[in-house]
There are 2 protein chains.
Amino acid sequence: MAAVARAATTSDAFNAIAEPQRREILALLRAGERPVTALAQELGMTQPGASKHLRVLREVGLVRVRGAGKQRLYGLDARGLRPIHEWIGGFEQFWNESFDRLDTYVQDLKQTRQGE
Amino acid sequence: MAAVARAATTSDAFNAIAEPQRREILALLRAGERPVTALAQELGMTQPGASKHLRVLREVGLVRVRGAGKQRLYGLDARGLRPIHEWIGGFEQFWNESFDRLDTYVQDLKQTRQGE
DNA sequence: CCATCATATTCCGATAACGGTATGCGTCAA
DNA sequence: TTGACGCATACCGTTATCGGAATATGATGG
């Protein structure tokens, strides 16, 4: 039984990129593959910290690893970002229209006075 | 003194859309404003559940409220999605290129044998 | 003012996410 | 084999998140 509490969380790309540091990792990897230590150093995080974030990114398929001797080179696999881009693209027409709607909203606000 | 544990989390759009139910809410709101109860019902969640997700969405500016008599109509404000769309757009050129790189990766995999 | 409907908030328990430190494991060189 | 290096994992503490139920707040109608 036990309450379900907190449904599915990590383990999808949406969640993976919700973490600022993971976004930084992805951004850096656009410049090319890198070993863990380099990433950690460039982003100012501990090595275990980097490894853990990389694990998440690997599990959702946003990065891949390649053993290179003693090192493990992490590389970007951006394909997993595409579904997200498309999902958000479905709102593209709205983030202009939103301005218009906002007018009505603001007008209404003046009377209602429940703004935030 | 006191471990930092879990840095910034919620309170930005990336995190807001990391939640599946919140994505559903946003998707639904494209069809127009809705009172809380309607959302809860259409998405099969409890009223407090809906209210809580709406609160998060409101705090990051992805929805706005409008008092309509006894009800509160929630409407989409998609502008906050634009930065995300742009951030991901910065990877667009890579999710094709990734295929190519994948070849080298797979080849390497055959020798290294550390594939997951 | 009171009852009622719509919504927000609070309290709770369970969980998992993050950061840090310590440690384990694999690989390479000697 | 041993030691050093690179990286992954385990463990710990802290905090935040999510879901659920109960309750508080707000607005409307009578």
Side-chain angles (χ1 to χ4, degrees), chain A residues 1-12 14-25 33-60 63-74 108 111-116, chain B residues 1-12 14-25 33-41 43-60 63-75 111-114 116:
Chain A
M1 320 203 139
V4 170
R6 175 158 256 207
T9 310
T10 314
S11 284
D12 75 318
F14 277 99
N15 244 288
I17 67 167
E19 239 289 327
Q21 307 215 62
R22 287 196 287 258
R23 287 201 296 275
E24 294 186 52
I25 290 179
E33 295 178 323
R34 270 174 180 66
V36 177
T37 310
L39 279 168
Q41 194 177 325
E42 296 181 83
L43 297 177
M45 44 189 183
T46 65
Q47 174 268 307
S51 278
K52 280 185 273 191
H53 283 308
L54 285 166
R55 182 162 152 79
V56 173
L57 291 171
R58 197 168 15 114
E59 286 175 348
V60 304
V63 302
R64 46 197 151 68
V65 216
R66 187 167 73 88
K70 255 194 283 197
Q71 312 193 118
R72 311 195 72 196
L73 295 179
Y74 278 88
D108 190 277
Q111 315 178 38
T112 313
R113 202 52 136 306
Q114 44 102 53
E116 195 243 341
Chain B
M1 35 142 67
V4 170
R6 172 157 259 205
T9 311
T10 316
S11 285
D12 75 317
F14 277 99
N15 243 290
I17 67 168
E19 240 288 327
Q21 307 215 64
R22 287 196 287 258
R23 287 201 297 275
E24 293 186 53
I25 290 178
E33 295 178 323
R34 271 173 180 66
V36 177
T37 310
L39 278 168
Q41 193 176 324
L43 296 176
M45 43 190 186
T46 66
Q47 175 267 310
S51 276
K52 280 186 273 191
H53 282 310
L54 286 167
R55 181 163 152 79
V56 174
L57 292 171
R58 198 170 12 117
E59 285 175 346
V60 303
V63 302
R64 47 198 150 68
V65 217
R66 187 166 73 89
K70 254 195 281 198
Q71 312 193 117
R72 309 195 71 196
L73 294 180
Y74 278 87
Q111 316 178 38
T112 314
R113 202 55 136 303
Q114 43 103 54
E116 194 241 337

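For the numbers below, each heavy atom of this structure counts, side chains included, while hydrogens, waters and symmetry mates do not. Keep in mind that this is a model prediction, so the values were computed, not measured. Sequence lines set the chain letters: A, B, ... in the order given, protein chains first and strands last, and positions in each chain run from 1.
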- Message: I'd like to know if A/Glu19 reaches the base of C/dA17 with its side chain, counting only an N/O donor and acceptor under 3.5 Å.
- Response: no

- Query: Hey, what do you get for NE2 (B/His53) to CZ (B/Arg58), rounding to the nearest 0.5 Å?
  - Reply: 14.0 Å

- Item | Distance, rounded to the nearest Å, where B/Leu73 contributes CG and C/dT7 contributes C1' | 12 Å

- Message: Categorize A/Pro48 for me: base, sugar-phosphate, or nothing, with a 4.0 angstrom heavy-atom threshold over every strand shown.
- Response: base

- Message: Of the listed nucleotides (D/dA8, C/dG26, C/dT7), which one gets closest to any side-chain atom of A/Val36?
- Response: D/dA8

- For C/dA17, does OP1 or OP2 lie under 4.0 Å from any side-chain N or O of A/His53? no

- Taking only side-chain nitrogens and oxygens of B/Gln21, does any of them come within less than 4.0 Å of OP1 or OP2 of D/dG19? yes

- Nucleotide of D/dT9, C/dA8, D/dA27 approaching B/Ser51 most closely (side-chain heavy atoms): C/dA8

- Would a distance-only check, ignoring hydrogens and angles, find a side-chain to backbone donor-acceptor pair under 3.5 Å from B/Glu19 to B/Gln21? yes

- Message: Would you say B/Tyr74 places a side-chain N or O within less than 4.0 Å of OP1 or OP2 belonging to C/dA8?
- Response: yes

- Query: Taking the side chain of B/Lys52 as its heavy atoms from C-beta onward, which of D/dA27, D/dA21, C/dG20 lies nearest to it?
  - Reply: D/dA21

- Task: Round to a whole Å and report the spacing from CE of B/Met45 to P of D/dA21.
- Result: 16 Å

- Task: Can you tell me the distance, in whole Å, between the CD1 atom of A/Ile25 and the C1' atom of C/dG19?
- Result: 14 Å

- Please round to the nearest 0.5 Å and tell me the distance separating atom CZ of B/Arg66 and atom CD of B/Gln71. 10.5 Å

- Query: Just how far, in rounded Å, is C1' of C/dA6 from NZ of B/Lys70?
  - Reply: 7 Å

- Task: Let me know the distance between CD of A/Gln47 and P of C/dT23, rounded to the nearest Å.
- Result: 15 Å

- Dump the intermediate steps for side-chain contact (heavy atoms from CB on, under 4.5 Å) on A/Glu42 and A/Arg34, then the final yes or no. CA-CA 10 Å; A/Glu42 296 181 83; A/Arg34 270 174 180 66; 2.6 Å; yes

- Query: Reckon A/Gly69 touches a base, only the sugar-phosphate, or nothing at all at heavy-atom distances under 4.0 Å?
  - Reply: sugar-phosphate

- Any side-chain N or O of A/Arg55 under 4.0 Å from OP1/OP2 of D/dT9? yes

- Atom-to-atom span, CG of B/Asn15 to P of D/dA16 - whole angstrom: 12 Å

- Message: Would you compute the distance between atom CG of A/Leu39 and atom CD1 of A/Ile25 and round it to the nearest 0.5 angstrom?
- Response: 6.0 Å

- Taking atom P of D/dG6 as reference, at what distance in whole Å does atom CZ of A/Arg34 sit? 16 Å

- Message: Is B/Arg22 close enough to D/dC18 that one of its side-chain N or O atoms is under 4.0 Å from OP1 or OP2 there?
- Response: yes

- Item | A/Thr46 side chain, from C-beta outward: closest of C/dT21, C/dT7, C/dT9 | C/dT21

- Item | base_contact_polar (D/dA27 base, B/Gln71 side chain, donor-acceptor, <3.5 Å) | no

- Task: Report the distance from atom CZ of B/Arg72 to atom P of D/dT25, rounded to the nearest whole Å.
- Result: 15 Å

- Note on the structure: Closest non-hydrogen contact found for A/Ile17 with B/Phe14 is O-CD2, 3.6 Å

